[in-house]
Structure formats: structure tokens, C-alpha cells
2 protein chains.
Amino acid sequence: MTSYKDKKVIGIGIVSELTGLSERKIRYYEERKLIFPDRSKGGTRKYSFGDVERLVDIANKIEDGMQTFEIRKEEMRKLKKADVRDKMLRGQLNAAFKMRK
Amino acid sequence: MTSYKDKKVIGIGIVSELTGLSERKIRYYEERKLIFPDRSKGGTRKYSFGDVERLVDIANKIEDGMQTFEIRKEEMRKLKKADVRDKMLRGQLNAAFKMRK
DNA sequence: CGTGTAAGGAATTCTGACACG
DNA sequence: CGTGTAAGGAATTCTGACACG
């Protein structure tokens with residue numbers, strides 16, 4: 001369920017290396033609500049491999065001239081779709097479950 | 001090929017949290033050649049999720065009274081087996097390749 | 001708007017050593 | 001042998017601000 005891909009364990013320095021993005025950019029995308037790292041007790045940011053992928057994605061869109069708020073909107077649309085998918089799936093499961101009785 | 005599991009990107013603090021082992025222990029197992037983290041430019045250790053699993057494994061064996069040099073021997077035996085497996089596999093592939101001609 | 005940078009401080013990690021056993 | 005700890009320093013990261021545009 002929670003695979004390595006989603007464990008928030010990577011520091012910003014390594015994320016910077018992995019993505020090629022400056023730490024400044026990475027922090028800025030967080031400020032713009034595009035990425036949501038965890039924090040250690042001390043306050044240092046921790047990212048997952050999934051975050052690293054998302055960051056590369058974000059960087060590509062910005063390079064294509066998209067603005068952060070547009071990217072955020074797009075992400076929210078995706079989340080909504082995922083929500084809908086989840087709801088539909090749950091609906092189907094419920095239906096199937098009822099039929100079993 | 002190189003999946004998330006083998007990317008050395010996790011600091012020792014997080015590894016300590018993930019494994020429940022003290023940093024002292026983690027460093028000591030390295031000293032005893034049981035684990036091989038990468039190093040950042042600055043010299044800080046970086047571990048993979050595979051390393052985290054190995055550390056838990058090592059800790060269990062030590063808890064069972066095994067000594068570090070025994071664990072190391074065991075690991076080397078495994079590596080040798082893997083080597084043999086690799087060699088055999090390569091041998092079979094070679095044989096199959098020859099037959100195709 | 002998105003990003004670089006210098007600034008000062010705080011959190012993280014490193015090594016070598018002493019301790020116990 | 002395996003592990004804890006205090007010590008001092010170095011590497012890493014943090015925030016808020018100024019700059020450019």
C-alpha cells in the first residue's frame with residue numbers, strides 16, 4: 001500500500017541532485033502549493049520519490065510557460081478525477097456486495 | 001534496473017527512525033563491513049531502502065547472538081551464491097544463443 | 001512571477017575517544 | 001564485542017529579505 005515511492009525520506013539536497021532543480025525552486029513550488037514534503041522534528045523537509053517525479057513534471061510545465069497557479073488547478077482537477085474514480089469504484093463494490101447477499 | 005529500492009538517498013537520521021537502530025549501531029555495522037552507504041560531497045552517509053532492510057536483518061541476527069564477522073561471512077556466502085547463479089544463468093544464455101545459430 | 005543570492009542561525013552528521021564489559 | 005555518550009567541528013537546511021523584471 002505505502003511503497004517506497006511514497007515514503008518521505010529524502011532531504012532537499014538529494015532531491016535537488018535527482019531533479020536538477022535548485023533548492024530555491026523546490027521551496028518555491030512548495031510555497032505555491034504544488035508539492036507537500038513532510039518535516040523532521042527539527043523542521044527539515046523530507047520528500048518521496050513520488051515527489052521527485054512530480055517536481056520534474058512541474059519543472060517541465062513551467063518551462064513550457066505554464067504558471068504555478070495553472071499547474072495547481074490542473075493538479076486539483078486530477079485529484080477530483082481520482083476522487084470520482086474512487087467514488088465510482090466504491091459504488092461498484094457496494095453494488096457487487098449487495099448482490100452477493 | 002536501478003529501482004527506488006537501490007537508490008542511496010536517505011540520511012542516517014531517517015534510517016535510524018525507519019529501523020529503530022541508533023546511529024551508533026548503524027555506523028558500527030558499516031565499520032564491520034556489513035553495510036555500504038554512499039557519501040555526499042560533504043561526507044554525509046546516504047542509504048537505500050535496500051540498506052534499511054539489510055540493517056533490520058543484521059540487527060535481528062545480532063539480537064540472536066550472532067557476531068558481526070559471522071554475519072559478514074554469511075553475506076559473502078550469499079554473494080558468492082549470487083555470483084554462481086549469475087554465471088550459470090549467463091552460461092545457459094550463451095548455450096541458448098549458440099543453439100540459435 | 002519565478003528565481004538567484006548573501007545572512008545568520010538552527011538542525012544534522014561526522015570522527016575519534018573514553019567507558020563498560 | 002557491541003554500544004552509549006560527550007566534544008568540537010563541518011556540512012546541511014531553514015527563513016525572511018533584497019534584487020530583477
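Throughout, protein chains are lettered first and strands after them, A, B, ... in sequence-line order, and every chain is numbered starting at 1. Every value quoted in this text rests on a predicted model; they were computed, and no experiment measured them.
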J.: Applying a 3.5 angstrom cut-off to the pairing atoms, does DNA chain C sit in any stems of at least three consecutive Watson-Crick or G-U pairs? List them by first number.
T.: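 Ordered by first number, the stems with DNA chain C (at least 3 consecutive pairs each) read C:2-5 with D:17-20, C:17-20 with D:2-5.
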
J.: Can you measure A:Leu21 atom CG to C:dG4 atom C1' for me and round it to whole angstrom units?
T.: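 It is 14 Å, rounded to the nearest whole Å.
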
J.: Using the side-chain hydrogen bond (donor to acceptor under 3.5 Å, both in side chains) criterion, which residues pair with B:Lys73? Sequence neighbours excluded.
T.: none

J.: Looking only at the side chain of B:Ile62 (C-beta and beyond, no hydrogens), which of the listed nucleotides D:dT3, C:dT15, C:dT3 gets closest?
T.: D:dT3

J.: Between A:Glu74 and A:Lys81, does any side-chain N to carboxylate O distance fall below 4.0 Å?
T.: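 No, no charged N to carboxylate O under 4.0 Å.
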
J.: Can you identify which nucleotide, out of D:dT13, D:dT12, C:dT15, has its nearest atom closest to the B:Ser40 side chain?
T.: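 Minimum distance to the B:Ser40 side chain belongs to D:dT12.
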
J.: Between D:dC14, C:dG4, C:dT15, spot the one nearest the side chain of A:Arg24, thanks.
T.: C:dG4

J.: Just how far, in rounded Å, is P of D:dC14 from NZ of A:Lys41?
T.: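 Nearest whole value for this atom pair: 16 Å.
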
J.: Expressed in angstrom and rounded to an integer, what is the separation of A:Tyr47 atom OH from D:dC14 atom C1'?
T.: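 It is 11 Å, rounded to the nearest whole Å.
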
J.: Look at the side-chain N and O atoms of A:Thr68 and state whether any lies under 4.0 Å from the OP1 or OP2 oxygen of C:dG2.
T.: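 For C:dG2, OP1/OP2 do have a side-chain N/O of A:Thr68 under 4.0 Å.
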
J.: Let me spell it out: for each of B:Thr44 and B:Glu23, pick the nucleotide of DNA chain D with the closest heavy atom. Which residue's pick is nearer the 5' end?
T.: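 Counting from the 5' end, the first nearest nucleotide belongs to B:Glu23.
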
J.: When the distance from NZ of B:Lys33 to P of D:dG2 is rounded to whole Å, what number comes out?
T.: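 My rounded result for the distance is 15 Å.
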
J.: Once you round it to whole Å, what is the distance between P of D:dG2 and CG of B:Asp64?
T.: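 Computing the B:Asp64:CG to D:dG2:P distance gives 14 Å.
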
J.: Does a salt bridge link A:Lys78 with A:Glu75, judged by any charged N lying under 4.0 Å from a carboxylate O?
T.: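 A salt bridge links A:Lys78 with A:Glu75.
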
J.: Counting side-chain heavy atoms from C-beta on, which of C:dC14, D:dG2, C:dG2 comes nearest to A:Gln67?
T.: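 Closest of the options to the side chain of A:Gln67: C:dG2.
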
J.: Output the rounded distance in Å from CZ (A:Arg39) to P (C:dT12).
T.: 12 Å

J.: Identify whether the distance between the nearest side-chain nitrogen and carboxylate oxygen of B:Glu23 and B:Arg27 falls below 4.0 Å.
T.: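 Looking at B:Arg27 together with B:Glu23, the answer is yes, because their closest N to O distance falls below 4.0 Å.
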
J.: Both A:Gly42 and B:Lys25 contact DNA chain D. Which one's nearest nucleotide lies toward the 5' end?
T.: B:Lys25

J.: Decide yes or no on side-chain contact (heavy atoms from CB on, under 4.5 Å) for A:Ile26 and A:Ile35, but give the supporting numbers first.
T.: CA-CA 8 Å; A:Ile26 297 170; A:Ile35 192 86; 5.5 Å; no

J.: Can you measure B:Asn60 atom CG to D:dG2 atom C1' for me and round it to whole angstrom units?
T.: 16 Å

J.: Mind listing the side-chain donor-acceptor pairs of residues 6-21 of chain B below 3.5 Å, one per line with the distance, residues two or more places apart or on another chain?
T.:
residue : atom : partner : partner atom : Å
B:Lys8  : NZ   : B:Phe36 : O            : 2.7
B:Lys8  : NZ   : B:Asp51 : OD1          : 3.3
B:Lys8  : NZ   : B:Asp51 : OD2          : 2.9
B:Ser16 : OG   : B:Leu21 : O            : 2.6
B:Thr19 : OG1  : B:Val15 : O            : 2.8
B:Thr19 : OG1  : B:Leu21 : N            : 3.1

J.: Give a yes/no on whether any side-chain N or O of A:Tyr29 is located under 4.0 angstrom from OP1 or OP2 of C:dT3.
T.: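 Result: yes.
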
J.: Among C:dT3, D:dT13, C:dT15, which nucleotide sits nearest the side chain of B:Arg45?
T.: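 For B:Arg45, the side-chain atoms sit closest to C:dT15.
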
J.: Using a cut-off of less than 4.0 Å, is there contact between a side-chain N or O of A:Arg27 and OP1 or OP2 of C:dG4?
T.: no

J.: Choose from D:dG4, C:dC14, D:dT3 the nucleotide whose nearest atom is closest to any side-chain atom of B:Ser22.
T.: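 From the listed options, D:dG4 comes nearest.
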
J.: Are the charged groups of A:Lys61 and A:Glu70 less than 4.0 angstrom apart, N to O?
T.: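 No salt bridge links A:Lys61 with A:Glu70.
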
J.: In whole Å, I'd like the distance from the CD1 atom of B:Ile14 to the P atom of C:dT13.
T.: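 Atom CD1 in B:Ile14 sits about 8 Å away from atom P in C:dT13.
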
J.: Counting side-chain heavy atoms from C-beta on, which of C:dT13, C:dG2, D:dT3 comes nearest to A:Tyr28?
T.: C:dG2

J.: Looking at B:Met66, I want to see if its CE is surrounded by more than 12 non-hydrogen atoms of other residues, nucleotides or ligands under 6.0 Å.
T.: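 Enclosed: over 12 neighbouring heavy atoms sit under 6.0 Å from CE of B:Met66.
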
